[in-house]
Structure formats: C-alpha cells, structure tokens
Amino acid sequence: MIIIPKQNPNPKQMERLIAWLKSNGVGVHISQGENRTVIGLIGDTSKIDIDLIRSLDIVEDVKRIQEPFKNANRKFHPEDTIIDVAGVKIGGGNFQIIAGPCSVESEEQIIEVAESVKKSGAKMLRGGAFKPRTSPYAFQGLRGDGLKLLLEAKNATGLPIVTEIMDLNQLNLFDDVDVIQVGARNMQNFELLKELGHTNKVILLKRGLANTLQELLMSAEYIMAGGNEKIILCERGIRTFETYTRNTLDLSAIPVLKGLTHLPVIVDPSHSTGYSKYVMPMALAATAAGADGLIIEVHNNPQYALCDGQQSLTMEAFDKLSKQIEAIRPYAYKYNV
Ligand code: PEP
Ligand code: MN
C-alpha cells in the first residue's frame, strides 16, 4: 500500500500516522522527494483500513498495490484448490455438474429428478429446503422436511447434496449435507460466514446480486479466516439495467476470478438468465470459458414447479445439455498458473 500525503503535511500528524501504522504491524518506508513525500507500507496490509487513512486531513491519496484478500489469493497459493465432496473432486481440471430442482417439493419429485440427472451425468444433487423468496406469500420451501427428503434422495442415488442455509440457527440441521450453499442474498451475512468458517463443510458461495468480485473474494476470506478453506465460488448473474434476462451473467468473472484466486469457480446459468431457453447457450459458454463446473435447475415437471419453473430444464433437456457439455469439454479454455 502506498500513502501519498498532502504537500507540507503537519509534522505532528505525520508522526502520529506513522506510529499508528507501525503499531498495526506493518513496516513503513518513507521516500522524500523534492516536492512530495510518499509512504510505502511493507508487509501484510490486509488489516489496514484504507478508507480510514484516506479520510485523514494530511492524506491526499492511498493506493493498494496488493489485494486485501490473503487466504483466497492465488499469489500466496499458486496451485488450484481441488475440493473433494464425498469423493467427487472439483477444481484443478476436475469439472462437475450440480443439478436438481430449485426447491425440494415431494419425495417423488426429488427422487425422480435425482435419478434422472445422475443418469445424465450430474455428480451432485441440488435442491432448496430453505428458500429465499422475494415475496413472503410465495412458497418458502419444505424447510426441515425438505432436508430429510434430500437425504433420502442422497441415500437412493449416492449423489452428494447441495442445499442453501439462510440463517445460523439452521446449521444444526446440516450435519449430513455435503455442500452448504450461501445464496446471493446472504453473500455478505458476515456472522453466517464467520460461523461457516468454523465448520469443515464445503461451502458453495454465490456472488451477491450487486456485489463486485473483490467483495465475493472478501466473503470467501471471511470463511477462510476461520480455518475453512473448502469454498466453491459461484457466478450467478448480477443486476443490471437489462430486463430481457433475470440477471446479467458476468462470464468474465470466470477468467478474472481464476486469475485472482485458487478456489474453484462454477457458473449458474439458471438464476443468471431466468429462462430455460437461455440456459443451454450460457452453460456451454461458461464451460468453454473454463469454469470448474455448473449448477443447473432441473425439474420433472417445470410447468408445475413451486419455484423457478420458467428457468428449469426438463430432465430431457438436461440430458441433451450434458451431452453437449461433454462434447465441448476437451476444447474448454485451460488456465495455466
Ligand atoms: C438458488 O440457488 O436456489 C438460489 C436462490 O440462488 P441465488 O442465491 O443465486 O439467487
Ligand atoms: Mn431457484
């Protein structure tokens, strides 16, 4: 980090700033130019509050030359992280598809979809039990009962399960869940992230509706700071002025994140586009761009789905999509570290 003080700063205030920086554990290098002094900070500056320094009277500008995230940073961990979900590997060249309905609705529904997506090549089953709905009058999920049905589907098919947690007090119900999803709306629920950092569960962390990639990485950092390094990042579209799609899929998040972090990066073409007809092209594009996997909504009867039917693929469409993904996988962009 570099601090550029204003011209002729008050010497007492300068001394105080330097003493404060040193007390925060960073080395201070002062270079005295003819007209300007520049303060260079040496060491781990991740705990330094850049906005606080910027607000000081004597400071003209502050520039970070190192990212504020450390554990998630590829600079300090050049190798790709490979995450093992009950024997299914993701990251470091291992590409996986997670598929299943938006919400668990009934035993027949979840078992039928689980068996079908497994046959088509999905290696993990998704299904929401606790649902973050915009309207309080919309279906809220089967909650605890939904988790039980998901576990039944796991037992029936052997597929590891991925499901969303919405609140800390639900954590005790997630013991047998293989991947805990933190949804877009909870990406910055810092208390939840901290607590998940103390578990040894794999966390699927989705990008918030209006969050930058650096904010996504800082949320991963919250989990990692607690000791849990098993995080899969997910680009699921961000809110823009465009209305023909539910969100705007930021495909460039894939190369950007792959450069910045060693964590696996997957894409959700369902929530990002909002319409089943756009899922296939975007799933193929994300695969070609080198994503480590996809999470796709599939329903046995999308027309009657209790949630997100319009963006859910039929089981037949998912089967077709998996075959196309398989066909283009050998040509997908590979990230060389
Ligand atoms: C979901 O995956 O069911 C979901 C609600 O996704 P998001 O948090 O990305 O909206
Ligand atoms: Mn959904």
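Each ligand, and each atom within it, is numbered from 1 in the order the structure gives.
Checked for salt-bridge contact, Arg246 and Asp308 meet the test: a charged N lies under 4.0 Å from a carboxylate O. The pair Glu60-Lys6 fails the salt-bridge criterion, with no side-chain N (NZ, NE, NH1 or NH2) lying under 4.0 Å from an Asp/Glu carboxylate O. The pair Asp145-Arg143 does not count as a salt bridge, with every side-chain nitrogen at least 4.0 angstrom from each carboxylate oxygen.
For ligand 1 and Gly183, the ligand atoms under 4.0 Å from any heavy atom of the residue are 8 (O). With ligand atoms numbered from 1 in the order given, ligand 1 contributes 4 (C), 5 (C) to contacts under 4.0 Å with heavy atoms of Glu164.
Within the 4.0 Å heavy-atom cutoff, Arg126 counts among the residues contacting ligand 1.
Residues Tyr333 and Leu251 share a hydrophobic cluster, clusters being chains of Ile/Leu/Val/Met/Phe/Trp/Tyr side chains in contact below 4.5 Å.
Among all protein heavy atoms, the one lying closest to atom 4 (C) of ligand 1 is His271 NE2, 3.5 Å. Annotation: atom 8 (O) of ligand 1 to nearest protein heavy atom, Ala184 N, 2.7 Å. The protein heavy atom nearest to atom 9 (O) of ligand 1 is Arg236 NE, 2.6 Å. Summary of contacts: the protein heavy atom closest to atom 6 (O) of ligand 1 is Lys206 NZ, 2.9 Å.
Within Glu297, the N/O/S atom positioned nearest the Mn ion (ligand 2) carries the name OE2. In Asp308, the N, O or S atom that comes nearest to the Mn ion (ligand 2) is OD2. The atom of His271 that is an N, O or S and sits closest to the Mn ion (ligand 2) is NE2.
Residue contacts with ligand 1: Arg185 is placed with a nitrogen or oxygen under 3.5 Å of a nitrogen or oxygen of the ligand (distance criterion only). Of the polar atoms of Gln181, at least one N or O is found under 3.5 Å from an N or O of ligand 1, judged by distance alone.
Side-chain contact, Gln311 with Ser270: no donor N or O sits under 3.5 Å from an acceptor N or O.
Contact check for Lys206 versus His271: side-chain heavy atoms found under the 4.5 Å cut-off.
We find the CE-CG distance between Met187 and Asn211 to be 3.5 Å, quoted to the nearest 0.5 Å. Rounding to the nearest 0.5 angstrom, the gap separating the OG1 atom in Thr163 from the CD1 atom in Ile180 is 9.5 Å.
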